[in-house]
Number of protein chains: 2
Amino acid sequence: MTSGPGREPSKAVTRPDAGTMAEIAEATGFSISTVSRALNRPELVAENTRKKVLKVADELSFHPNRAASGLRSGSHRCLALLVGDISQPWYSMIAKSVDTVCAEHSFALQLKSFGHDQAKALSYLARIPYEGVDGIIINTGDDLGSPEIRAQLARIAERGIHVVTIGQTIPGLDVPTILYDDYCGAEEATAHLVEDWGVPLVFLGAIRGSVPAENRWQGFSSVVRRHGQADGIRIVTDGYDYKAGYSAMSAHLRVGPWPKGVLASNDQLAVGAIRAITDLGGTVGTDIAVVGFGDLDFAPYLVPPLSSVSGSVQEIAGAATNRLISLVKGEAQGNAMPPITVPRKLVIRESSQPPPSAGTADWEKPGERHQREGANP
Amino acid sequence: MTSGPGREPSKAVTRPDAGTMAEIAEATGFSISTVSRALNRPELVAENTRKKVLKVADELSFHPNRAASGLRSGSHRCLALLVGDISQPWYSMIAKSVDTVCAEHSFALQLKSFGHDQAKALSYLARIPYEGVDGIIINTGDDLGSPEIRAQLARIAERGIHVVTIGQTIPGLDVPTILYDDYCGAEEATAHLVEDWGVPLVFLGAIRGSVPAENRWQGFSSVVRRHGQADGIRIVTDGYDYKAGYSAMSAHLRVGPWPKGVLASNDQLAVGAIRAITDLGGTVGTDIAVVGFGDLDFAPYLVPPLSSVSGSVQEIAGAATNRLISLVKGEAQGNAMPPITVPRKLVIRESSQPPPSAGTADWEKPGERHQREGANP
DNA sequence: GGGCCGTGCGCAGTTGGATTT
DNA sequence: CAAATCCAACTGCGCACGGCC
């Protein structure tokens, strides 16, 4: 098989001309290590040689091989994003913002979507230490307090891989966290419903094990309680998608007196609820009010436009990513980062605008609605 | 600083007990290479030693370091997914399916969402050869035919990194592709509209440079032409989101006679269009029909439920990912993979169900609608 | 003398310390 | 001696070779 005195082993076959530091070294006459320093620590290299190296590097459109540089230095310039389910709008918006910030810092991003399946989350976490990842952002509504998850997270932290969470703290693990002020957001929305629509109200969505949903429920019930309604009514849904909202709401409406308003734990549930109400002959925004959480892109464009508790996704995801990158680069200490709480703000649209009885005139003219709407989609 | 005769260099500080092959070797008494063989090529190792190695590996919950093994072997067991915009439902559904298949094969997945920005796409592609990625799945409606993009793709292919595309072929680049039969899907939807609603009809969404949208437009106009309507009317939108559909549809409805029906290039545009029609006093499903493309999760739960041209995302994303993994593993040759075309199927809901004039009785009873609807959400 | 195993090198960089001017 | 550069070791793993029973 040996054919001639060629000095290359088997390399040229698989990846021709990989554009390595060795090539730059050969082209410039410097050693590989000088090339490396010229690129990474310019202050240690003479002005002139640095220029030469950079010039050749540019000509070869050289980028360092992530795997190789990470191997020795321990820094792979790569983050991981672990989310409940990337196909849900909320998580995909988070992913977009995280990806954007990563790209700005020329970090790569690994995606791990565990479909709200604890076992899958666990297996993803177990592999993290070997993935060549410097840090991980965790965002899910699911409860991460289980001993197995916490054990894996401890292992990860032990290996020097940094962790940042969005939306919930993990008991026993002291990592930077970005939170929404869901409690206050729910309070504001509930106050609006009580004042403009009255009681009873129902809360849609608090299944067990969801941390943000629990906060929203607490905010809701605190306001309801203040108005003499015990804790308020809680409709437990089987999941967080459109269908879950539809099913749970339908079931509730069929068996008892209708509430005056609904606060849903996210916009998908709200959409399902609106459909259920409509199906049963109700008119949302007239007979009954619906408010969602998240203020997804589609909220202003639904029929009727959906009121929702908004919050800047960019802000929350950007903050998380920037913090993680700071940690990874060693520019900051995790315990020196106070938790951030991002405010929520209620956006009122037709699905919960005060009913005709309490409202003003010109309410029926469709042309005008658009005017009002244009302001805050 | 040197305190005592400790024999470790500086390792223990940064990442204590990394769980390497060296540790397994030490624990079992075998050499590192034997451990490696026991794990990767069991047939070359004695039954007994293999068992011992596997046992210890399991106890240490050992996984090979991706960076290191990829460095030497050239296979990183990692794919990249390049999408137009991960925050759009379509792409996030694709991402979910791709992630799932990757996890099944214990491949990692890098996410690159370029926000429909050609420059960003280009910079992502330029870095691909250095990211430690074995292959890349490209899915976007944007036209990838530009010379710069094609040059980068050629470089990528040259490095032995495999490419698979979803939704469009790239001229001059012979890579496996999975397509939807958008042309036929549009034909079916348009035929339905013509027969049940009549003409004129409008097509919403064909901005320049979107390949699937172009196919949908062609399918639409071929049917319309057959009914003596020249090419049909095409409303060009400024993007693909809810807002674009709303703006374009509003503008169109204000200036001319209303069409009998609308075929939108995706469901987001359809939602925007429905809102525009409603705002201007129309009733979707009675005065005018709307059909979308994609059949997103929310379609059955909108008011009115949205007709849409569906197609299995799992099928398309799964096929693409499996093909790419086959290529990477060397189990197949790219040119031996015929293009797959996944069928589309029209799902009719209330937004385009035949109008009262042509329909039967009991059409107004809301309770009944749900019955009809329950069949196919 | 053919299974079984260890040695040594290479992958593409990074880094501490030695070497050169 | 200080600035600039180089040498050699090292990262975790895979593979060709060769040695040993």
Side-chain angles (χ1 to χ4, degrees), chain A residues 1-2 7-12 14-15 17-26 28-53 57 60 62-77 129-132 159-160, chain B residues 1-2 8-15 17-26 28-53 57 60 62-77 129-132 159-160:
Chain A
M1 293 297 178
T2 61
R7 67 189 198 288
E8 48 245 85
S10 66
K11 168 186 165 185
T14 52
R15 78 193 97 69
D17 292 333
T20 71
M21 279 195 181
E23 286 178 34
I24 300 180
E26 196 170 357
T28 58
F30 294 106
S31 74
I32 297 181
S33 64
T34 300
V35 173
S36 172
R37 288 200 170 90
L39 263 32
N40 301 321
R41 305 171 44 184
E43 73 280 6
L44 295 182
V45 161
E47 184 65 18
N48 247 342
T49 67
R50 209 199 48 172
K51 276 186 188 167
K52 280 188 204 166
V53 168
L60 274 63
F62 170 85
H63 296 256
N65 179 311
R66 273 217 165 82
S69 80
L71 194 55
R72 179 63 219 255
S73 70
S75 166
H76 300 81
R77 296 190 77 81
Y130 313 95
E131 296 281 19
R159 297 282 168 91
Chain B
M1 290 296 179
T2 59
E8 48 245 85
S10 67
K11 169 185 164 185
V13 184
T14 52
R15 77 192 98 70
D17 293 333
T20 72
M21 281 195 181
E23 284 180 35
I24 302 181
E26 194 170 0
T28 58
F30 295 107
S31 75
I32 297 182
S33 64
T34 300
V35 174
S36 172
R37 269 186 298 244
L39 262 34
N40 302 321
R41 308 176 26 188
E43 71 279 8
L44 296 182
V45 162
E47 184 65 18
N48 247 341
T49 67
R50 209 199 48 169
K51 275 187 187 166
K52 280 187 203 167
V53 168
L60 275 62
F62 170 85
H63 298 257
N65 179 310
R66 257 183 228 275
S69 81
L71 194 55
R72 182 63 224 251
S73 69
S75 166
H76 300 81
R77 296 191 77 80
Y130 313 95
E131 297 282 19
R159 297 282 169 89

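For the numbers below, each heavy atom of this structure counts, side chains included, while hydrogens, waters and symmetry mates do not. We name chains A, B, ... by the order of the sequence lines, and we start the count at 1 in each one. Nothing here was measured: the structure is a model prediction, and the numbers come from that model.
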- Task: Taking atom types as modelled, find out whether Ser75(B) and Ser73(B) have a side-chain donor-acceptor pair closer than 3.5 angstrom.
- Result: no

- Task: Would you indicate, yes or no, if dT14(C) has its OP1 or OP2 atom less than 4.0 angstrom from a side-chain nitrogen or oxygen of Ser36(A)?
- Result: yes

- Item | Arg77(B) CZ to dC13(D) P, straight-line distance once rounded to whole Å | 15 Å

- Under 4.0 Å between any heavy atoms, over every strand shown, what does Leu44(A) touch: base, sugar-phosphate, or nothing? Just pick one. base

- Note on the structure: Separation of dC13(D) atom P from Asn40(B) atom CG, nearest Å, is 10 Å

I'd like a table of atom pairs between the protein and nucleotides 16-21 of chain D - only N or O on both sides, under 3.5 Å - with the distance next to each one.
none

- Message: What's Ser69(B) touching, base or sugar-phosphate or nothing? Going by heavy atoms closer than 4.0 Å.
- Response: sugar-phosphate

- Indicate whether OP1 or OP2 belonging to dC5(C) is found under 4.0 Å from a side-chain N or O atom of Ser31(B). no

- Message: Check the phosphate of dC15(D) against Ser73(B), side-chain N and O only, distance under 4.0 Å to OP1 or OP2. Yes or no?
- Response: no

- Item | Interatomic distance where CG belongs to Leu71(A) and P belongs to dT11(D) [whole Å] | 9 Å

- So how far off straight is the helix from dG2(C)-dC21(D) to dT21(C)-dA2(D), going by the axes through five pairs at either end, to 10°? 60°

- Message: Expressed as a whole number of angstroms, how long is the span from Ile32(B):CD1 to dC15(D):P?
- Response: 15 Å

- Message: Base of dG10(C), side chain of Arg72(B) - is there a donor-acceptor contact under 3.5 Å?
- Response: yes

- Query: Rounded to whole angstroms, how far apart are CD1 on Ile24(A) and P on dT14(C)?
  - Reply: 11 Å

